[in-house]
Amino acid sequence: MIYTKWPTAAYSASAQDIAPCLLGQYLVHQTERAVYAGRIVETEAYGGTYNGKADDGSHAFHGLTKRTAPMFHQGGIVYVYLIYGMYHCVNIVTGPEGAGQAVLIRAIEPVEGIEAMLENRHMMQMKPKVTNGPGKLCQAMNITLAQNQLDLTGQEMFVARAVEKQPVSIICTPRIHIDYAVNGKSFPWRFYIQHNPYVSKA
DNA sequence: TACTGGATCCCT
DNA sequence: GGGATCCAGTAT
């Protein structure tokens, strides 16, 4: 499959603006073993402010640290982190240098490399649970800390344009699993494609 | 040097 | 509803 890569300029806007734009686009990870590609169906924006309140649900809220450094990079790189000691989450860094913003990819619909995805997930047949969650899609697409800070203008990982054959409805809700965030808990920064079976539950 | 808890997942 | 599993961040 031929993919048209997003240009650097596409990552200069804020996370909350880019998060819904990523829906329907392809996330591609090219490895020696397989080319993984998935249609992004669910995202969450992190960082910045909403109604004048800082996003205390973001890793960037406490400032630049060793772990969160990629979030403060200029938009257009990947931020991968280890969660609960056993899973990984992949984010698209956005905005100008120092902004501390990123879009978490919460779910994808497998497009290419499906056999390898099933192997990575130890599953025998295609089901939504293969990639309907941030940890699941990373395991399926073999995304680990080895991919942290990758430049999205490179060949290994990138976002590709996709033309939607039919218009899709985008739903906007508060984000998931950030009850610890006093302010950010209610920010309407989760976006997903309505009725898509690969969207995570909750 | 010790402690705490998490942008999750899976099984019970 | 709870356990797995480990490291960054924070407190001693």
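Letters A, B, ... mirror the listed sequences (proteins, then strands); counts begin at 1.
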* Asked: If you check the N91(A) side chain, which of dA8(C), dT10(C), dA7(B) turns out closest?
  -> dA7(B)
* Would you mind reading off the distance between W189(A) atom CH2 and dA7(B) atom C1', rounded to a whole angstrom? => 13 Å
* For DNA chain B, what residues of residues 69-82 of chain A have any heavy atom nearer than 4.0 Å? -> M71(A), Y81(A)
* To do: Specify the closest pair of heavy atoms between A140(A) and V130(A), including all atoms of both residues, with the distance to one decimal.
  => CB-O, 3.9 Å
* Under a single-linkage rule joining Ile, Leu, Val, Met, Phe, Trp and Tyr whose side-chain heavy atoms are separated by less than 4.5 Å, which residues share a cluster with V111(A)? -> M1(A), Y3(A), Y26(A), V28(A), V35(A), F158(A)
* Residues that R39(A) engages under salt bridge (Lys or Arg N to Asp or Glu O under 4.0 Å), provided they are two or more places apart -> E109(A), E164(A)
* Aromatic ring of Y87(A) stacked on base six-ring of dT8(B), 5.5 Å, 30° -> no
* To do: Could I get the full list of salt bridge (Lys or Arg N to Asp or Glu O under 4.0 Å) partners for E44(A), not counting sequence neighbours?
  => R106(A)
* Structure fact -> From OH of Y84(A) across to P of dA8(C) the rounded distance in Å is 17 Å
* Separation of I105(A) atom CD1 from dT8(B) atom P, in whole Å? -> 14 Å
* Asked: With a 4.0 Å cut-off on heavy atoms, is R175(A) in touch with a base, just the backbone sugar-phosphate, or nothing at all?
  -> nothing
* Can you tell me which residue pairs pass the side-chain hydrogen bond (donor to acceptor under 3.5 Å, both in side chains) test with a partner in residues 149-163 of chain A, sequence neighbours excluded? => Q147(A)-E156(A), D151(A)-T153(A)
* Asked: If you group Ile, Leu, Val, Met, Phe, Trp and Tyr whenever their side-chain heavy atoms sit less than 4.5 Å apart, what else falls in with Y50(A)?
  -> F187(A), W189(A)
* Strictly below 4.0 Å, heavy-atom distances to any atom of DNA chain B: list the hits from residues 134-148 of chain A, or just say none. => P134(A), G135(A), K136(A)
* Is a side-chain donor or acceptor of T49(A) paired with a backbone partner of G52(A) at a separation under 3.5 angstrom? -> no
* Asked: Under a 3.5 Å cutoff on both atom distances, Watson-Crick or G-U, what's the dot-bracket for DNA chain B ([ ] crossing, | other strand)?
  -> ||||||.||||.
* Asked: Which residues, ordered by chain and number, are linked to V182(A) in its hydrophobic cluster, where ILVMFWY side chains connect at heavy-atom gaps below 4.5 Å, directly or through other members?
  -> none
* To do: Enumerate the residue pairs fulfilling side-chain hydrogen bond (donor to acceptor under 3.5 Å, both in side chains) with a member in residues 53-64 of chain A, sequence neighbours excluded, ordered by first and then second residue.
  => D55(A)-R175(A), H59(A)-Y79(A)
* To do: Could you give the distance separating dT5(C) and dA2(B) at their P atoms, to the nearest angstrom?
  => 22 Å
* Using a heavy-atom cut-off of under 4.0 Å over every strand shown, decide if L104(A) touches base, sugar-phosphate, or nothing. => base
* Hey, could you give me each pair passing salt bridge (charged side-chain N to carboxylate O under 4.0 Å, His left out) that has a residue in residues 115-126 of chain A? Not counting sequence neighbours. => R33(A)-E119(A)
* So does R106(A) get a side-chain nitrogen or oxygen closer than 4.0 Å to the phosphate oxygens (OP1/OP2) of dT8(B)? -> yes
* **Rounded distance in Å - CE (M86(A)) to P (dA7(B))** => 16 Å
* Asked: Are L137(A) and L104(A) grouped together when hydrophobic residues (ILVMFWY) are joined by side-chain heavy atoms under 4.5 angstrom apart?
  -> no
* Tell me: CG of L64(A) to C1' of dA8(C), nearest whole Å? -> 13 Å
* **Qualifying residues under side-chain contact (heavy atoms from CB on, under 4.5 Å), relative to H88(A), sequence neighbours excluded** => V80(A), L82(A), C138(A), T144(A), L145(A)
* **d(NE2, H88(A); C1', dC6(C)) in whole Å** => 11 Å
* Asked: Looking at H177(A), does any N or O in its side chain come under 4.0 Å of the phosphate oxygens OP1/OP2 on dG6(B)?
  -> no
* To do: Could you check how far CZ of R121(A) sits from P of dC9(B), rounded to whole Å?
  => 8 Å
* Structure fact -> Here the distance between atom C1' of dC10(B) and atom NE2 of H122(A), to the nearest Å, is 13 Å
